[in-house]
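First up is the structure itself, then whatever we jot down about it.
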Amino acid sequence: MSSGVRGELEAAVLAAVRELGVKEPPDLELGRARNPNHGDYATPVAMKLARELRRPPPKIASDLAERLNLPPEVASIELAGPYLNFRLAEGWLQKLVGRVAADPDYGRSRMGGGERVQVEFASINPTGPIHIGHGRGVILGDALSRLLDFTGHQVQREYYVNDQNTQARRFGASVYARLHGLEPPEGGYTGEYVAELAEQARRDLPGIEELPEEEAELRLRGYAIDRMVDLIAATVSRLNVHYDEWFRESRLWDDGLPQKAIARLRETGQLQEREGATWFAPDVPGWEEDDEDRVVIRSNGEPTYFASDLGYLLSKFEERGFQRVIDVWGSDHHGYIPRMKSAMAALGLDPAALVVILNQMVNLKEGKMSKRQGRFVLLDELVDMVGADAVRFFYLVRSPDTMMEFDLDLAVSQSNENPVYYAQYAYARLANVDTFAAGREMPAQPELSLLREPWELALARQIAYWPEAVEEAARLLEPHRIPYFVHDLADSVHAFYQAGNRDAGYRVVVDDPELMRARLELCRAGRNTLRAALDLMGVSAPDRM
RNA sequence: GCCCGCUUAGCUCAAUGGAUAGAGCGCAUGGCUUCGGACCAUGAGGUUAGGGGUUCGAAUCCCUUAGCGGGCACCA
């Protein structure tokens with residue numbers, strides 16, 4: 001049940017449905033009406049009840065309407081065949097404007113009940129700078145975090161730093177090779193930044209060149225990864241993304257968590273020794289069909305990344321007590337989900353507490369992105385070219401499960417018509433009106449019933465939808481819904497403003513102080529809503545542009 | 001071969017199983033002597049990839065075909 005107007009309507013309809021003798025009411029599908037002629041909200045529930053009640057839907061609709069107990073100051077009911085339509089009362093909308101104008105935090109919800117949620121996102125191997133393919137996960141994860149925070153969850157943003165896996169070792173070895181003018185190792189890193197790292201290391205780590213290879217590699221690995229983490233943090237910070245925790249894989253082993261997880265699996269008979277290696281063999285329903293056994297400890301005694309991940313689950317759910325963890329992964333990792341879910345169950349954790357959100361890959365128009373072939377665009381370069389707000393919006397509007405083809409030339413040439421400026425301009429206009437009106441004589445308290453023009457009420461309606469738009473997006477974990485709301489709201493703002501260009505009598509700043517005061521209140525309500533929404537997208541709300 | 005995701009207007013993308021599938025860009029037409037034109041209004045543009053099915057009702061759920069992307073390691 002959602003809060004706000006919609007929640008009230010749902011509750012009222014539900015009560016009426018029960019009064020008709022329906023024990024298990026179906027989903028009301030009560031939502032905003034598409035066509036304005038149908039009012040503001042509508043439900044087709046009468047059609048769903050036709051079979052059970054053995055009556056024609058229009059009859060059921062009118063029966064429901066008779067029993068519906070709605071405060072008239074909120075909405076009126078209209079019958080349209082099998083549909084029940086609701087229209088928000090103007091008086092209620094006008095009062096709402098006053099409430100929102102006074103509430104800079106309008107739309108914040110307690111829906112989450114303080115649930116402790118971790119969002120782990122964009123945990124890219126810190127062996128190089130991040131490119132535009134990674135940007136998608138960065139923005140998606142951050143937007144999810146903002147959304148959950150706004151809806152009453154305790155959110156922690158985390159980046160998992162792989163500092164001791166195969167890639168990390170190769171990275172360290174590559175820097176070592178570069179430092180000594182040797183050929184990079186098999187599968188090593190060759191970019192120019194590796195050479196720069198080697199030079200920096202020569203300066204920052206005195207005596208590094210004299211150390212024996214093994215020790216030097218270890219130290220160079222740690223050093224290089226620190227530098228890369230700094231670099232990645234700096235890049236995402238330009239996009240208004242700030243992690244609470246950069247959690248290192250090595251810390252898991254220091255704390256003995258993978259060891260603990262392995263011991264637990266061994267005790268419960270969920271590991272097998274075979275071919276010299278230790279395999280994951282969980283006693284979990286569905287495992288046999290869905291996946292094969294996987295190696296936890298290699299035959300050479302080295303643990304796999306999966307061993308770390310087992311410990312990581314304990315860290316998240318037991319050591320740190322998160323009630324839910326949302327992992328944002330690239331879709332190339334989707335095959336890993338069944339194994340992680342099984343690992344949760346095998347460790348005695350609730351698999352449903354681990355939520356994985358996949359985002360599809362980003363491809364360059366010229367073809368697949370490839371570091372090796374030098375075919376990639378750095379996220380930093382993109383921010384340089386089009387700016388942080390446009391970049392965020394660019395990623396945010398797309399649902400994560402459609403693949404993106406990235407055309408850099410197009411992105412740059414279209415950056416000036418990015419819809420984000422449409423919304424920011426609406427905000428700046430509202431701010432400007434307030435400035436313009438400053439110092440004029442007007443009453444302290446607005447008489448909101450003066451807000452009667454269609455475009456004024458349309459703006460108020462759009463403002464009224466904000467809380468449910470937020471909750472919907474949070475419930476579905478779909479931040480891409482927010483920019484669409486923002487666009488609609490900006491639309492209403494511009495239409496409201498434009499009315500004053502057609503006819504000076506419709507401006508905000510008019511001779512009638514009562515009218516001006518009421519319209520200013522609407523501007524402030526619009527501003528608060530717009531700012532909250534832009535905030536949720538991590539996009540700035542400028543007073544001037 | 002098996003598994004996952006995607007296919008909606010010329011292009012980029014939306015749309016809790018509900019009424020006439022919507023935006024932006026592009027295209028056409030119209031609108032400022034005074035609150036910022038990065039704006040507004042109107043219009044053209046659709047077999048929701050193809051074919052079956054479920055349902056009172058399908059872009060949405062099921063089956064199937066095709067295309068695109070990804071995965072199927074003692075890599076992560």
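As the structure is a prediction and not an experimental result, all values here were calculated from the model. Residue numbers start from 1 in every chain, and the chains themselves are labelled A, B, ... in the order their sequence lines are given, proteins ahead of strands.
Contact annotation for Ser299(A): base contact, defined as any heavy-atom pair under 4.0 Å involving a base atom. Arg481(A) comes within 4.0 angstrom of the backbone, heavy atoms only, and of no base. Residue-level contact check: His494(A) touches the backbone only, with heavy atoms under 4.0 Å from sugar-phosphate atoms and none from bases. Residue contacts for Glu275(A): at a heavy-atom cut-off of 4.0 Å it reaches a base atom on one of the strands shown. Base contact: Ala42(A) has a heavy atom under 4.0 Å from a base atom. Within the 4.0 angstrom heavy-atom criterion, no nucleotide atom of any strand lies near Phe306(A). Asn35(A) comes within 4.0 angstrom of a base, heavy atoms only. Among the atoms of the strands shown, only primed sugar atoms or phosphate atoms (P, OP1, OP2) are found under 4.0 Å from some heavy atom of Ser399(A). Contact annotation for Asp491(A): backbone-only contact, meaning every heavy-atom pair under 4.0 Å involves sugar-phosphate atoms and none involves a base. His480(A) comes within 4.0 angstrom of sugar-phosphate atoms only, judged by non-hydrogen atoms across all strands, and of no base. If you check every strand for non-hydrogen atoms under 4.0 Å, Glu29(A) touches a base. Using a 4.0 Å heavy-atom criterion, one finds that Arg507(A) contacts the bases of the nucleic acid, with or without backbone contacts as well.
Comment: Glu472(A) engages Arg475(A) in a salt bridge, judged by a side-chain N to carboxylate O separation of less than 4.0 angstrom. Under the 4.0 Å criterion applied to side-chain N and carboxylate O atoms, Glu217(A) and Arg221(A) are not assigned as salt-bridge partners. Between Asp63(A) and Arg55(A) a salt bridge is recorded (basic side-chain N to carboxylate O distance below 4.0 Å). Salt-bridge annotation for Asp543(A) and Arg527(A): present, with a side-chain N of the basic residue lying under 4.0 Å from a carboxylate O of the acidic one. With salt bridges taken as basic N to acidic carboxylate O contacts below 4.0 Å, one links Glu120(A) and Lys316(A).
Closest contact between the side chain of Tyr305(A) and the listed nucleotides A73(B), C75(B), C35(B) involves C75(B). If you check C35(B), C75(B), C25(B) against the side chain of Val433(A), the one that comes closest is C35(B). When distances are taken from the side chain of Arg294(A) to each of G18(B), C72(B), G31(B), the shortest belongs to C72(B). With distances taken from any side-chain atom of His487(A) to the nucleotides G37(B), A23(B), G5(B), the minimum falls on A23(B). For Arg34(A), counting side-chain heavy atoms from C-beta on, the closest listed nucleotide (G70(B), A21(B), C39(B)) is A21(B).
Pairing partner, U33(B): none, since no Watson-Crick or wobble contact has both distances short of 3.5 Å. When both pairing distances are held under 3.5 Å, G5(B) makes a Watson-Crick or G-U pair with C68(B). Nucleotide A44(B) forms no Watson-Crick or G-U wobble pair with any nucleotide shown, as no partner meets the under 3.5 Å limit on both distances.
Atom CG of Asp543(A) and atom P of C35(B) are 19 Å apart (whole Å).
Between the side chain of His334(A) and the base of G71(B), no donor-acceptor pair of N or O atoms lies under 3.5 Å. The base of A76(B) has none of its N or O atoms less than 3.5 Å from a complementary donor or acceptor on the side chain of Asp332(A).
Of the two residues contacting RNA chain B, namely Leu30(A) and Val509(A), the nearest-nucleotide position lying further toward the 5' end is that of Leu30(A). Each of Tyr506(A) and Tyr41(A) has a nearest nucleotide on RNA chain B; the 5'-most of these lies closest to Tyr41(A).
Side-chain contact, Arg531(A) with Tyr427(A): a donor N or O sits under 3.5 Å from an acceptor N or O.
Across the P atoms, A15(B) and U7(B) are found 10 Å apart, a figure rounded to whole Å.
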